[in-house]
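All values reported here derive from a predicted model rather than from experimental measurement. Hydrogens, waters and symmetry mates play no part in the numbers below; they use all other heavy atoms, side chains included.
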Amino acid sequence: MNNKLPLYILFIFFLATSFRSNAQSISMSDIQNVKVSQLSDEQIGQAWKKLQETGVPESEAYKLMIQKGMPATEVEEFKNRVTLLGLNKKGVKVSASPQKEDIDFTRDTAQTVIKPYVAPKPAPVPEAPLNVYGMEFFNQTTIKFEPNFSMATPKSYVLGPGDELIVLVTGLNESSVRTRITPEGNVQIPYAGIVYLNGFTIEQATSLIRNKMTKVYPALRNGQTQLAVNLGSTRSIKVTLVGEVKTPGSYTLSSLSTLFNALYNSGGPNNNGSLRNIELLRNNKVYKTVDFYSFLQNGLMDGNIRLEDQDVIRIPVYKKRVGIKGEVKRPAIYELKENEQLEDLIKYAGGFTDVAYRGIAKVDQVNELQREVKDVPSSLYKNFTPNNGDLVQIGAITERYTNRVVLEGSVYRPGTYELTAGSSLSELLKTAQGLKPEAYMERGYIKRTLTNLEKELISFNPADVVNGKNDIPLMREDSIMVQDRAVFTSAQNVTVAGFVKLPAAFTYRKGMKLADVIAMAGGFQDEAAEHHVEISRIIKNSSDSVANQLVRTFTINMNQTSGEAQELELEPMDYIYVPRLVNYRALGNISVKGEVLFPGDYAVQRRDETALDLLQRAGGLSPYGALENAQVFRKGVRVNLDLTNKSQDPKVKTSMILLPGDSIYIPRQISFVEVAGAVNNPQFVDYNGRSFKYYINAAAGTKENARLKGAYVKYPDGLNKPVRRFLFFRNYPSVKPGSKIIVPEKDPNNRFKLGFAEITGITSALTALISLIAILNK
């Protein structure tokens, strides 16, 4: 013990030093006043580090702290804080400041590591904050909370200056008087004089007026005449709202207004205002304290008292608000009074939901330095008093079932079943009306979760279980699966394509024959080659080497009414193709138009039918047709064919063969030449074999803006031939009967202008050309 004394002294010194660094400035002399709950986690860690440096055992250190005057409750609190922070676990070291990691910044040039892309996790959806209960009542803009002006005058209504009274006398005597109370508090009634009514209720005012009018109407004494005093228009009163109000100030209201009317007009309490202690001050005294929860929770109007002139409504700051969320019907922040318990809070929140766990309520509290959690059992709901700022969490019951098993698959009644004591698999199958005929009877399985949460799979033979063999006892949350036999059968098809009426893929069935599939496809089309039906079949090769041939093809003649062709049995994945007859089809049409005897669309008879053959079928040319100007078109594009060519050359004959869709046009023989474009007098000129310039001059020559070098001749056979130019010389095309000479106009935006450089270049070129000609002539 003497050897440990220096260590104890050193421990006390370190402990006092660590406590002295606290904001409480605790020294060795007042260690008995230390409040562990006021120490931060960092300070607890520093004290523990000092304890480790002294080498004093943990248990001895706690005893020594008690000997020095530290309360045992504080020592126990210190011990709990150390345990919660995990400081007394092996391998845990406390450091005052975080250490920097040792990082190797050297580069490895031999390998390049590419960091794999990791998709970012979606941001968590923030939880909606709780609203303060009751505040939404004052935030509604679609309703108006106003006094009822059409109701009967309350007998307790207190009259004042500005109120209008209606005095009715009925019975033996009848009269009606409307009068208003003057600022002095009087009303004037004919034959009765002045009556002072300020501060009196309607009931009292009626008695005073009756006494005054008895002298005028004696029948009021025996009841032969009745008197009624009612309120006409009401006066205005001023009410002041102060404290934690959204819109504090002075309000002018009707004298029929109540406390709730004034609260609604002002917008109600602000975020710090109380709904449980609303004070109504009258004549500088608290006339009534109103709990608005009485109206919100139960609809009671006991606090909705009528206001009077110069009343003051004060909304103080709330004293206690507690939030509750989770499995309650109205999660919100509620204001509690000092004597209200957790049970009251749950009642204000509408009670528990259907799936709430009612055994424990978790309360998140705020102490002097940090938060702490308390688990409150249901037995203490009546006695647990929440603190201001507490948050109560009501959890939900677990999704686990205590007595459930699930049956799935090929049974008559799959679903969830109750598990009773001693239940077995065979009993469950009987309850589910047994297995379906298509059930897979060789194997089923049970998915089971053990009590230690390990997953287990138990297989069984459904046939044996149904027959009472190898029965299996069930446990809760077992999931039993009896599979369908179709799961183990692959979906195999037979495909029919080509010239059948309904090409499709059909489900393969054992015993399916070729004739069956053709019939299922609607039979052959008219152009089908029934004698050449091709079947492609996949070769089932089980060798491990790569084979060259994977599909075997053979041809069947379906024209045979019996025999192997009709009864050929198919196999899965067979592909049947019915081709078209080679010559059973139309080749197409060719259109013949123009100067023929019978123009129209003619079907192609032969693959080698020429244009002359088609013209002959069309009756030949009319007397006015020009064969030399015939035009042949293919897909809208002119084909350069000379139908007057009688050559026997095979190439020429081949070029004369037309294709389906071609068209032939025989134009009319025309003996005129049309001159159009930029000429002075566009016209048709009689053809006389003259040159190009003759017909231009016959049209009165070209205009100033004519571009003669761009002129061209459009021949009646569709060909065009332009004016050619070499240096300063023009070569004009020949003109035939029916031709059209077109002279275009110059484009004003593309005028050609020669500059000094262009003229110099042309001059140099001409000089070189003349020199070359002179040299050649020598």
Side-chain angles (χ1 to χ4, degrees), residues 134 137-138 145-149 151-165 179-188 194-209 211 229-270 272-296 300-319 335 337-338:
F137 178 83
F138 302 98
F145 200 82
E146 295 178 348
N148 185 7
F149 295 103
M151 67 177 183
T153 305
K155 293 183 179 180
S156 60
Y157 180 79
V158 179
L159 298 173
D163 284 338
E164 183 185 34
L165 295 180
T179 181
R180 189 177 297 276
I181 299 177
T182 64
E184 292 77 17
N186 300 320
V187 293
Q188 185 174 1
I194 296 175
V195 183
Y196 182 79
L197 298 179
N198 184 32
F200 292 96
T201 64
I202 287 290
E203 187 176 12
Q204 294 171 340
T206 302
S207 178
L208 292 174
I209 295 175
N211 294 335
V229 179
N230 296 319
L231 188 65
S233 60
T234 61
R235 70 184 187 277
S236 297
I237 61 174
K238 285 189 175 296
V239 177
T240 304
L241 283 91
V242 296
E244 302 300 322
V245 190
K246 286 186 178 179
T247 311
S250 180
Y251 290 82
T252 300
L253 305 173
S254 168
S255 58
L256 293 176
S257 297
T258 63
L259 175 66
F260 291 178
N261 300 141
L263 288 177
Y264 191 84
N265 288 334
S266 66
N270 59 22
N272 294 324
S274 172
L275 285 173
R276 307 295 305 274
N277 297 293
I278 302 175
E279 297 178 348
L280 174 63
L281 284 77
R282 184 172 293 171
N283 298 325
N284 294 326
K285 294 180 181 180
V286 177
Y287 180 76
K288 188 175 182 62
T289 301
V290 177
D291 185 357
F292 201 67
Y293 273 26
S294 178
F295 170 70
L296 294 176
L300 301 180
M301 303 286 285
D302 55 342
N304 193 23
I305 59 179
R306 187 172 294 104
L307 299 177
E308 295 184 4
D309 191 34
Q310 303 303 319
D311 279 353
V312 176
I313 301 173
R314 188 180 78 87
I315 300 181
V317 177
Y318 73 90
K319 295 182 179 179
E335 183 179 353
K337 294 185 176 180
E338 293 298 329

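Taking the side chain as every heavy atom from C-beta outward, Asp302 and Ser294 approach each other to under 4.5 Å. Using a 4.5 Å heavy-atom threshold, the side chains of Lys285 and Asn283 count as separate. Side-chain contact between Ile202 and Leu165 is present, with at least one heavy-atom pair separated by less than 4.5 Å.
Taking every heavy atom of both residues into account, Gly162 and Arg180 meet most closely at O-NH1, 2.6 Å. Closest approach of Gly273 and Ile315 over heavy atoms only: CA-CG2, 4.0 Å.
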Step by step, would you call Leu281 with Val242 a side-chain contact (heavy atoms from CB on, under 4.5 Å)?
CA-CA 11 Å; Leu281 284 77; Val242 296; over 6 Å; no

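Classification of the Phe295-Phe292 ring pair by plane angle, with boundaries at 30° and 60°, yields tilted.
Rounding to the nearest 0.5 angstrom, the gap separating the CD1 atom in Ile181 from the CG atom in Leu159 is 4.5 Å. For the atom pair Asp291 CG and Glu335 CD, the distance stands at 8.0 Å (nearest 0.5 Å). To the nearest 0.5 Å, the span separating CG on Leu263 from CZ on Phe137 amounts to 9.0 Å. To the nearest 0.5 Å, the span separating CD on Gln204 from CG on Leu197 amounts to 10.0 Å.
When the salt bridge (charged side-chain N to carboxylate O under 4.0 Å, His left out) test is applied to Asp311, the partners found at least two apart in sequence or on another chain are Arg282. Looking at residues two or more places apart in sequence or on another chain, you find a side chain to side chain contact (heavy atoms under 4.5 Å, CB included) between Thr182 and Glu184, Asn186.
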